[in-house]
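Below: one structure, written as structure tokens.
What you see is a predicted model; the values in this text were computed from it and never measured. Numbered from 1 within each chain, the chains take letters A, B, ... in sequence-line order.
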Amino acid sequence: MSSGLQLAADAADKVPAPSIEYGKLSPMLIVFGIAVAGVLVEAFVPRKARYVTHLVVALGGMAAAFGAVLALIPGVKDSGGEIAAVGAVAVDGPTLFLQGTLLLLGIVSVLLMAERKLEPGGDAFAPQAAAAPGSAQEKEAAAAGLRQTEVYPLAMFALGGMLLFPAANDLLTLFVALEVMSLPLYLLCGLARRRRLLSQEAALKYFLLGAFSSAFFLFGVALLYGYSGSVRLDRIAVATGGAMDNDALLLIGLAMVAVGLLFKVGAVPFHSWTPDVYQGAPTPITGFMASATKVAAFGALLRFFYVALPGMKWDWRPMMTGVAIVTMVVGAVIAITQTDVKRMLAYSSIAHAGFILTGMIAANEAGASSTLFYLVAYGFVTLGAFAVVTLVRDAGGEATHLSRWAGLGRRSPLVAGVFAVFLLAFAGIPLTSGFSGKFAVFQAAADGGAGSLVIVGVLCSAIAAFFYVRVIVLMFFSEPRADGPTVVVPSVMTTAAIALGVTVTVVLGIVPQPVLDLADKAALFVH
Amino acid sequence: MTQTLVSAASGALLATGEGGPGLHSVPATGVFDATWLVIALPLLGAAVLLLGGRRTNRFGHWLGTLLAVGSFFVGLALFSAMLDASDADRSVNQHLWDWVSVGSFQAEVGLHLDQLSMVFVLLITGVGSLIHIYSIGYMEHDENRRRFFAYLNLFLASMLLLVLANNYLLLYVGWEGVGLASYLLIGFWQHKPSAATAAKKAFLMNRVGDLGLAVAIFLMFTTFGTFSFDQVLSGNAQASGGTFTGIDLMLLLAACGKSAQFPLQAWLGDAMEGPTPVSALIHAATMVTAGVYLITRSAELFNASPDAQLVVTIVGAITVLFGAIVGCAKDDIKKALAASTMSQIGYMILAAGLGPIGYAFAIMHLVTHGFFKAGLFLGAGSVMHGMNDEVDMRRYGGLRKYMPITFVTFGLGYLAIIGFPLLSGYFSKDKIIEAAFAKGGTSGYVLGSVTLVAAGLTAYYMTRVMLMTFFGRERWKEAPVGAPADWHEPHPHESPKSMTLPMIVLAFGSVFAGGLFVLHDSFVNWLTPVTGFSEGDSPFSEYAVTGMAVAMVALGALVAYVQYARREVPAVAPQGSFITVAARKDLYQDAVNEGLVMRPGQYLTRMLVWLDLRGIDGFVGGLAAFIGGTSSRVRKVQTGFARSYALSMFGGTALVVAATLMARMA
């Protein structure tokens, strides 16, 4: 008995307790902390006070996490980045840049989710998520004026996963982050108050396909472990530098991990969930997914290729180039015939994923920095655009059919003007952030020897400009419909979110240099 | 008297026949710090009057005049400071601010004041102020007088910017500015379709010239990497001869546009649709001389290319004769004067094309011409003012009794322009004729003869104007053929003081300026540090040239006297010989332009429109339809079934894996 205890004690001696750098992980810890706190709020705070408490906790927590990111910057600037938590997490320039961006996007998203002035029944989310659509129970809940607040902790969990995603320095952490990020999103997608069937269908599809892609991802991780004997990105990089004969394991593993990540960014041919899910999910959630998820996933993609596989450039570049081209072309071409504004924005986000991939494929420092810049620009435009979509409503909720938007510019010039700014930014017209971003990634790609991609990119931009400008023409140059939708005046929260989106879009279009410089400085990965 | 004295230093410098001494400048200090004020004052006036709108109606003309005069006084202060400075310190550079600074493209807003620009500053602000004063009376009954003064101020500011810019890009701003002001002022009475059309014509023809200036600036930037005077004109700029010729010819094209030289001369006659003060200031005294300034300023570039200089002299020679011939046949007093302007500027361009032999004389003639031509136009305006805006000289006659001051001042201007001995035009024109012969060789003889013949023609057509207007029978007393029922006889009268005073001042200039300029060769010595000077090699003695010129003038005047004083002037123009008919139609310049440029241009446009519609739009439309069709087909893949999505993902994964493996094998 005592010898058994002794043995256990010996074993404990031999496995040293891991040292965790809490300070360096603080942004993520704060967000996970407020997510857990949100669950407690949900359980113990009285219903009346819940909404406000959630908002205070979530917004305060994200602001604190943002402050933590800022506080970490000087250290990273000096050291060039460090690897924390026993090799699991890298805290370096890209991590902090993306975490800062994600936190700002998170704040704006929570503001959109918290909007309660638009929907007569309450907010954008189902009064009782567990009630079957169309059931008596649901009607009862709606009649009782129920408003659920579980979205806040869910969103915080997702955001925590997103913060970890681009920071993960080994493949297992990456997988954990992927799932932490995705599971709450699956749920959030199914919570729409209106058109609940569509929403639940979207959630189910997203979940099924997400699980499918996770399987590929995991299989890829296993193969890479089999090849290199480690899941740490830097060790994989070292292993790829060795003998080159039997590396089918490496190549197949690489491809499969890439598939998992490409699914998250919505690249073709792993994009098919995007339109259905973007359309079905509650619009604030769509905005959150389209902006923040994409930022996080591209961060992870960058780190995976730039840290683990820099030596394999000549193996992954042709494949990724093909993906980027197909993504741009399919996104731009199919968007032309969309009639639903949310679906159109979904295809637009696919095309943009292709543009961002263009920057990533440059595989040089400019590639990383231009991608980082593009993500900031794109994130705010996207959130802003979806925020505008929540404002244009008729009796059936949001009026998302494009024909309903005809003549909007005459009725509500301000809202239509703001949306026009976002569309121009999507199209990459100068003096908007979209132009600065596109210019940056195309330049990086051209310098990185990916000229063909730039040509395709520019052509696809031209195609894409068509459907963006078409909406502007529709809004400003056609007669308003007699039974057209109205623009509901939102509360200060949505207003603030849209204002911030416009500001970032215009400022990054006119004076992009400070942020470009910041992205330049932040573009060094720690190995 | 005609033996030109040249300082030993500049003589030695130029004995080799190579370019001028190059352009060097010192930073502006002291009084020269105020250089920017010269431009800023009229600009302020334009801004206040245009932005202030009707509120400034009451005092607008006073404000505009005051600022123009203020600018003139600043110019005088600068001039006296420059007189005190040594030759080396007379060329000053004032950096105002950086304009565009992108990589190797550096554009600054800076001013360059030297002896050449000084002459222009005084001419522009001096004549400009007089014409502002004149306009107070002339435009008294026009309800848009305030706007008129705003445009005049805008013109002054632009023209001053043109002559004070220290680089070609900024010069271009001034160049376009005067083009705009000219457009606005020609079309000032835009309710008259003829004025609106004339303004458009002037603007379009000027665009052709402006294009030349733009291309010249492009060429300079690609060749020298800069367009600042300090570097391009320093005399050290290196380029092949062909490049210099190219830049020079483009500059010449620009000069032809602004200065109404052949082949871009057609707009000037029509520009007389503008109010007469505008014709005097812009289309006689200042703006149309911008081309001469440009060529003289770019002396270093032109000296580097004898071929380009030859073209300049040819253009000048053609225009001298062209304008003179047209001027002989015009019955409209302003159009006759406009043709004369064209011809006189031809003299200047011709002189500028002679290189260091002629630059100084080109500018000298420019200044004296500024005096007498402005005076003549103001006189014409005064006559029209008293004659119900009648412009047809056949409806004048015997006006000397009714408008004595106008008659005397106009008469002095007339004597000056024909080169009556010892008046301004005599000295300046004579010098150009000498310089043309001094060019040497066959071209010297040809150019000299052209200038001589033109001097005779000038005497002829100006005598004709004089006689038809102020002498002879009082034809205005008879009702014209086909006169409207309410026609009544005009009552010619002298103009108010605000109009006669400027005419008197200008008459003084017409009489004395030339004599002052040649006294001790002061004008030539003044300009030599900027333009260089060379005597050339004349086959005739100066007395011989002067004698020939005076003889030609006398002959021309005599013929005119016989035709228009000894014989009755018919109130309706007679048929005339084919030359008269051609000259009345401006030697068919509009028909030529229409045939050579307008019609082919229209056909080209039509063809391009057709191509655009059928070819390009067809292609673009087809492409769009193709992409749209593809889109509708491809979107069917989006079935909504999770199973088919999963299948496509699986297939995609297979492709990605295969592609990765293939990349290695290839």
Just checking B:R55: does its CZ atom have more than 12 heavy atoms from other residues, nucleotides or ligands closer to it than 6.0 angstrom?
no

Take atom CZ of A:F219 as the centre, draw a 6.0 Å sphere, and report whether it contains more than 12 heavy atoms from other residues, nucleotides or ligands.
no

Identify which of B:S644, B:A663, B:G640, B:S648 forms the greatest number of heavy-atom pairs closer than 4.5 Å to chain A.
B:G640

Interface check, chain B: of A:L262, A:V323, A:L208, A:L209, most non-hydrogen pairs under 4.5 Å belong to A:L209

B:F650 atom CZ, neighbour heavy-atom count above 12 within 6.0 Å
no

Selection from B:A646, B:G651, B:A659 maximising heavy-atom pairs under 4.5 Å formed with chain A:
B:A646

B:Q638 vs A:I334, side-chain contact (heavy atoms from CB on, under 4.5 Å): CA-CA, chis, key distance, verdict:
CA-CA 10 Å; B:Q638 196 76 13; A:I334 300 192; over 6 Å; no

To the nearest 0.5 Å, how far apart are CZ in B:R633 and OG1 in A:T337?
11.0 Å

Would you say that more than 12 heavy atoms from the other residues, nucleotides or ligands in this model lie under 6.0 Å from the CH2 of A:W316, or not?
yes

Over 12 foreign heavy atoms within 6.0 Å of CZ, B:F221
yes

If one checks every heavy atom of A:F270 against chain B at 4.5 Å, the contacting part turns out to be both

Option from B:V656, B:T660, B:L661 for which side chain to side chain contact (heavy atoms under 4.5 Å, CB included) with A:I252 holds
B:L661

To the nearest 0.5 Å, how far apart are OG1 in B:T653 and CZ in A:F263?
10.5 Å

Measure A:Y347 against the heavy atoms of chain B and call it side chain, backbone, both or neither at under 4.5 Å.
side chain

What distance separates A:T339 OG1 from B:R635 CZ, expressed to the nearest 0.5 Å?
5.5 Å

Relative to chain B, which of A:I336, A:V326, A:V333 shows the most heavy atom pairs under 4.5 Å?
A:V333

Less than 4.5 Å apart, side chain to side chain, heavy atoms only: is that true for A:D276 and B:Y645?
yes

Among B:V634, B:V637, B:L655, B:T639, which residue has the highest count of heavy-atom pairs closer than 4.5 Å to chain A?
B:V634

Check whether more than 12 heavy atoms from other residues, nucleotides or ligands sit under 6.0 Å from atom OH of B:Y183, and answer yes or no.
no

Measuring heavy-atom distances to chain B, does A:L254 have an atom under 4.5 Å in its side chain, in its backbone, in both, or in neither?
side chain

Rounded to the nearest 0.5 Å, what's the gap from CE on B:M649 to CZ on A:F212? Could you check?
6.0 Å

The interface call for A:V330 against chain B, heavy-atom contacts under 4.5 Å, is neither

Which answer fits A:L204, side chain, backbone, both or neither, if we ask what part of it has an atom under 4.5 Å from a heavy atom of chain B?
neither

